[in-house]
> 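I am attaching a structure below and will ask some questions about it afterwards.
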Amino acid sequence: MTPASRSRRPLLIANWKMNGLHADGIERARALAAHVGGAEAIDGDIVVCPPATLLFALRAVFAGSGVALGGQDCHAQAEGAHTGDVSAPMLSDAGCSHVIVGHSERRAGHGEGDEQVAAKAAAAHAAGLTAIVCVGESAADRDAGHALTVIGRQVGGSLPEGAAPANTVVAYEPVWAIGTGRTPGPADIEAAHRQVRAGWERRFSGGGDALRVLYGGSVSARNAGEILAVPGVDGVLVGGASLSADAFWQICQACR
Ligand code: 13P
């Protein structure tokens with residue numbers, strides 16, 4: 001391990017997506033906070049990204065626990081006539097330090113492209129938030145042998161001016177691995193993460209060594225240890241398994 005990679009502290013992110021009413025969200029957050037405050041401390045940073053409706057309530061639950069809060073998306077504008085959207089300053093106001101942008105469910109379900117993702121990441125930075133920028137190829141891209149090309153293109157187009165390892169994390173989430181129980185093999189994950197770092201280097205003429213690159217897509221308590229051991233993997237972005245505090249905590253412990 002190089003000194004630079006040692007400085008990339010593991011980052012474990014729970015993306016609850018559109019799951020959780022008030023009562024069960026609070027219960028899950030309390031259970032996670034109890035794990036984090038227990039005897040088996042982990043050497044990593046934990047961020048929970050709940051639905052926006054739960055942010056203020058979870059800020060109170062996680063206060064003093066060391067668990068950080070993140071939004072799941074933000075608008076590129078700070079305020080205005082954008083019905084249904086949430087801005088980066090609003091997320092900051094609700095206690096967030098992070099926000100996911102460019103998730104494939106936003107790219108596919110809401111037609112968001114790289115340029116819009118970069119604008120959202122810039123808005124996150126302007127509000128003092130760390131942007132978690134998601135990239136990843138579809139099954140068709142991979143089958144056609146274009147996975148690394150797509151990843152490189154998304155990294156090049158989705159990172160705004162001013163992005164730095166201190167305010168940006170890139171999550172590699174192959175679309176075909178999300179919610180399917182299928183994951184790429186270690187060699188494919190390693191190659192993808194290398195491609196992300198190379199894309200960053202090209203975009204900013206250096207600095208990629210300090211960038212935290214996460215893997216996401218069907219991470220579970222069963223496979224987290226193997227995935228976190230892949231060179232170049234600095235953490236995980238977890239969907240389905242993060243809906244159980246116990247399962248997510250087991251994943252967090254795999255980074256010890
Ligand atoms: P799953 O862990 O449910 O596959 O979801 C991954 C994801 O999309 C996290 O952002």
Side-chain angles (χ1 to χ4, degrees), residues 10-20 24-25 28 32 44-52 54-55 67-74 86 91 96-110 112 117 120-121 124 129-139 141-142 147 150-151 154-155 158 168-186 188-189 192-193 196 212-228 230 233-255:
L11 178 57
L12 300 312
I13 304 181
N15 176 8
W16 289 2
K17 306 192 178 182
M18 197 174 71
N19 295 290
D24 48 277
R28 188 185 306 139
L32 179 61
D45 299 322
I46 299 177
V47 180
V48 172
C49 302
L54 298 182
L55 285 171
V67 176
L69 266 187
Q72 296 180 7
D73 181 54
C74 68
V86 176
L91 293 175
C96 291
S97 52
H98 291 68
V99 60
I100 298 168
V101 294
H103 192 283
S104 64
E105 287 152 13
R106 301 288 315 177
R107 290 179 185 263
H110 298 262
E112 296 182 4
V117 175
K120 290 179 174 214
L129 302 176
T130 294
I132 303 155
V133 179
C134 299
V135 300
E137 82 285 359
S138 68
D141 296 328
R142 176 152 290 267
V150 169
I151 295 164
Q154 289 183 343
V155 168
S158 303
T168 306
V169 172
V170 176
Y172 166 58
E173 297 207 304
V175 178
W176 54 270
I178 294 175
T180 60
R182 295 168 56 214
T183 56
D188 284 336
I189 295 177
H193 282 228
V196 168
R212 288 197 281 190
V213 183
L214 314 186
Y215 170 79
S218 293
V219 175
S220 66
R222 188 182 47 76
N223 63 22
E226 186 187 13
I227 290 171
L228 284 161
V230 173
V233 173
D234 305 310
V236 285
L237 177 51
V238 186
S242 75
L243 297 176
S244 154
D246 288 351
F248 184 62
W249 181 241
Q250 280 181 48
I251 292 168
C252 293
Q253 285 186 310
C255 82

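Just so you know, these numbers come straight off a predicted model, no measurement behind them. Counting starts at 1 for both ligands and their atoms, in listed order. Computed over heavy atoms, backbone and side chain alike; hydrogens, waters and symmetry mates excluded.
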> Is it true that a side-chain atom of Tyr172 and a backbone atom of Pro174 form a donor plus acceptor pair closer than 3.5 Å?
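Judged by distance alone, no pair lies under 3.5 Å.
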
> For the side chain of Asp234 and the backbone of Val213, is there at least one donor-acceptor N/O pair under 3.5 Å apart?
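Judged by distance alone, yes, a pair lies under 3.5 Å.
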
> If you take all heavy atoms of Gly235 and Leu228, which pair is closest and at what distance?
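Shortest heavy-atom contact: CA-CD2, 3.7 Å.
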
> Considering residues at least two apart in sequence or located in another chain, which fulfil the side-chain contact (heavy atoms from CB on, under 4.5 Å) criterion with Ser242?
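By the side-chain contact (heavy atoms from CB on, under 4.5 Å) rule, Ser242 matches Ala14, Trp16, Val238, Phe248.
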
> Which pairs of nitrogen or oxygen atoms, taken one from ligand 1 and one from the protein, are under 3.5 angstrom apart?
residue	atom	partner	partner atom	Å
ligand 1	2 (O)	Gly239	N	2.9
ligand 1	3 (O)	Gly240	N	2.8
ligand 1	4 (O)	Gly179	N	2.6
ligand 1	4 (O)	Ser218	N	2.8
ligand 1	5 (O)	Lys17	NZ	3.2
ligand 1	8 (O)	Lys17	NZ	2.8
ligand 1	8 (O)	His103	NE2	2.8
ligand 1	10 (O)	Asn15	ND2	3.0
ligand 1	10 (O)	His103	NE2	2.9
ligand 1	10 (O)	Glu173	OE1	3.2
ligand 1	10 (O)	Glu173	OE2	3.0

> Which residues pass the side chain to side chain donor-acceptor pair (under 3.5 Å) test with Glu105, not counting sequence neighbours?
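Scan of Glu105 (side chain to side chain donor-acceptor pair (under 3.5 Å), adjacent residues dropped) gives Lys17.
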
> Among all residues two or more places apart in sequence or in another chain, which pass the side chain to side chain donor-acceptor pair (under 3.5 Å) test with Asp246?
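Partners of Asp246 under the side chain to side chain donor-acceptor pair (under 3.5 Å) test: His35.
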
